[in-house]
K.L.:
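One structure is given below, represented as structure tokens, and several questions about it will come after.
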Amino acid sequence: MNFNEFERDCLQAHNQFRVKHGSPPLTLDRGLCNYAKEWAETLARRNILQHRSNNRYGENIYMSVGRPNLRGRDAVSSWYAEVGDYKFGSGAAFSLQTGHFTQVVWKGSKRLGVGMARSGDRIYVVANYDPPGNYSGEYSNNVLPALSKCGHKRFMSKLPTPTLQQQQNQQYHIPAVEEMATVKRTVIIKKVSVSGAPNQPPPKPITISQADFEKACLEAHNKFRAMHGTPPLSINPNLTQVAAKWAQNLAKRQKMEHSPNGKYGENIYYSSGQQVTPDMPAKMWYDEIAKYDFAKSVFNPYTGHFTQLIWRDTKQVGVAYATSGEKVWVVANYDPPGNVNGFFKDNVPPKK
């Protein structure tokens, strides 16, 4: 079977990383490559970055801007770099920052498909894995510590993105890409186990009205913005309608993905099995400040929610939630959108 240079380079990089962790090598699969290529072309055509819905395979995605000679190993190295944040050992589990790494080295995955597509100066890369990785309860057997040269194990020390059903008791988010020039929308997902005795019903996820929830969420936004000297946001009813429509869509389909309307900035929050208060989404988004480098003032794949939340030029917001049983989806839309490359220094100031 013939494979192009990019596909072979991506495979080689995967297997170089996998051997470090005692995982058997992957093999390229033409059908999987065609599958990945089709989705990469879809992303390039739509000019968005999101996972394929109802995907039967594991999936990592990547986007680069302004690198005409991108190699397959560049994307794989970016995914593997999350190893520094992964906690090996008996408590190994899905992590907010390491889902790409764990899929790269997942011992149970056997076949790889890689696709790449261009749109102007942007390159989209999709990798699909069969069988998929990142299954709850299977990390200790599939994500092993790196091996030293003498063969002894040592400890060292972000998709496919797990489905809601696969990760019922985990927390995770869909990280943005490393080299995106303009990032207008970000997504964060929170999942927690149901508290209380097994036979007790889960708590009601939200106990206040949409209007009161939005008002309190706005107050949380503005509290954090004031800490950085950015002006307060105001509620835009049109944005609220946009947010409500998409939150209801997600709840109906039991999905977690961006809306196709890229006109506004967008943060998304998901929770299962706990009561959600209006300050919780904003606080989780804001807590990414710990990883933001104010000296560099550039987009960071793990701080896009924080930077959108306090983005100086953003003036208006709309917030809405939707529920389905014990689950709740919160969508916030922003206008003008933040996370525009070249404008971070002026729009994301440090704390006063």
Side-chain angles (χ1 to χ4, degrees), residues 1-18 26-82 98-106 109-134 158-163 166 172-181 183 185-187 189 255-258 260 262 301 304:
M1 185 71 68
N2 293 326
F3 296 97
N4 63 41
E5 181 179 354
F6 186 89
E7 293 167 339
R8 293 194 301 271
D9 189 54
C10 195
L11 173 69
Q12 184 181 43
H14 272 84
N15 288 338
Q16 287 172 344
F17 289 129
R18 288 174 66 86
L26 300 174
T27 59
L28 282 173
D29 182 279
R30 173 47 56 197
L32 271 181
C33 285
N34 293 340
Y35 186 78
K37 175 74 169 178
E38 185 274 329
W39 188 242
E41 291 175 342
T42 298
L43 297 179
R45 184 172 62 254
R46 296 179 182 175
N47 202 27
I48 58 174
L49 194 80
Q50 67 182 38
H51 286 285
R52 185 194 293 262
S53 300
N54 301 318
N55 195 345
R56 61 181 293 188
Y57 305 112
E59 181 174 87
N60 281 351
I61 56 178
Y62 174 94
M63 191 186 81
S64 176
V65 177
R67 296 183 62 180
N69 298 317
L70 183 76
R71 302 171 301 168
R73 67 182 56 250
D74 294 327
V76 184
S77 296
S78 173
W79 298 328
Y80 181 81
E82 297 174 352
T98 59
H100 304 95
F101 156 68
T102 50
Q103 174 60 91
V104 167
V105 303
W106 193 264
S109 293
K110 306 297 182 185
R111 290 167 292 281
L112 173 70
V114 183
M116 185 259 285
R118 297 176 183 269
S119 176
D121 63 347
R122 300 186 179 189
I123 299 176
Y124 295 83
V125 179
V126 176
N128 287 121
Y129 306 83
D130 185 39
N134 287 344
K158 164 240 63 197
L159 322 178
T161 300
T163 65
Q166 289 171 337
Y172 62 92
H173 79 305
I174 305 173
V177 293
E178 286 195 357
E179 302 177 53
M180 183 176 282
V183 182
R185 303 187 300 166
T186 52
V187 53
I189 308 169
K255 295 291 184 180
M256 199 65 195
E257 60 191 24
H258 282 303

K.L.:
Could you tell me whether the side chains of Y129 and N134 share a donor-acceptor contact shorter than 3.5 Å?
P.N.:
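Note: Y129 and N134 side chains miss the donor-acceptor criterion.
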K.L.:
Mind listing the closest non-hydrogen atom pair of C33 and L28 along with its distance?
P.N.:
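Distance-wise, the nearest heavy atoms are SG-CD2, 4.0 Å.
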K.L.:
Work out which heavy atom in D130 is nearest to a heavy atom in L32; give both atom names and the distance.
P.N.:
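Minimum heavy-atom separation between D130 and L32: CB-CD1, 3.9 Å.
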K.L.:
Please name the pair of heavy atoms, one in S119 and one in Y124, separated by the smallest distance, quoted to 0.1 Å.
P.N.:
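For S119 versus Y124, the nearest heavy atoms are CB-CE1, 4.3 Å.
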K.L.:
Can you tell me if E41 uses its side chain to pair, donor with acceptor, with the backbone of A117 under 3.5 Å?
P.N.:
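Absent.
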K.L.:
CH2/W39 to CZ/R46 distance, rounded to the nearest 0.5 angstrom?
P.N.:
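Taking CH2 in W39 and CZ in R46, the distance rounds to 4.5 Å.
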K.L.:
Between OG of S77 and NE2 of H14, what distance do you get to the nearest 0.5 Å?
P.N.:
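Between atom OG of S77 and atom NE2 of H14 there are 10.0 Å.
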K.L.:
If you take all heavy atoms of R18 and V104, which pair is closest and at what distance?
P.N.:
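In this case the closest contact between R18 and V104 is NH1-O, 3.0 Å.
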K.L.:
Just to verify, what does R71 make a salt bridge (charged side-chain N to carboxylate O under 4.0 Å, His left out) with, not counting sequence neighbours?
P.N.:
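Applying salt bridge (charged side-chain N to carboxylate O under 4.0 Å, His left out) to R71 gives D74.
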K.L.:
Quick one: pull up CZ in R118 and CG in L70 and give me the separation to the nearest 0.5 Å.
P.N.:
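These two atoms lie 7.5 Å from each other.
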K.L.:
What's the spacing between Y35 OH and N128 CG if we round to 0.5 Å?
P.N.:
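Those atoms lie 6.0 Å apart.
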K.L.:
Quick check for you: to the nearest 0.5 Å, what is the distance between L11 atom CG and R73 atom CZ?
P.N.:
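Separation between the atoms: 10.0 Å.
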K.L.:
Tell me if a side-chain donor or acceptor on R8 pairs with a main-chain N or O of G72 at a distance below 3.5 Å.
P.N.:
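No: the side chain of R8 does not pair with the backbone of G72.
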K.L.:
Check step by step if ring-ring contact (aromatic ring centres under 6.0 Å, His included) holds for F101 and Y80.
P.N.:
CA-CA 4 Å; F101 156 68; Y80 181 81; 5.4 Å; yes
K.L.:
How long is the gap from OG1 on T42 to CZ on R52, to the nearest 0.5 Å?
P.N.:
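If I round to the nearest 0.5 Å, the distance is 6.5 Å.
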K.L.:
Is there a donor-acceptor pair under 3.5 Å between the side chain of D29 and the backbone N or O of L112?
P.N.:
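A pair under 3.5 Å: no.
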K.L.:
Do T27 and K110 come close enough that some side-chain heavy atom pair is under 4.5 Å?
P.N.:
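No, their side chains stay 4.5 Å or more apart.
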K.L.:
Could I get the full list of side chain to side chain contact (heavy atoms under 4.5 Å, CB included) partners for R56, not counting sequence neighbours?
P.N.:
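Testing R56 for side chain to side chain contact (heavy atoms under 4.5 Å, CB included), a comparison that skips the adjacent residues, returns none.
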K.L.:
I'd like to know if K37 and E7 make a salt bridge, using a cut-off of under 4.0 Å between side-chain N and carboxylate O.
P.N.:
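Salt bridge: no.
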K.L.:
Work out which heavy atom in V114 is nearest to a heavy atom in A36; give both atom names and the distance.
P.N.:
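Between these two residues, the closest heavy atoms are C-CB, 3.7 Å.
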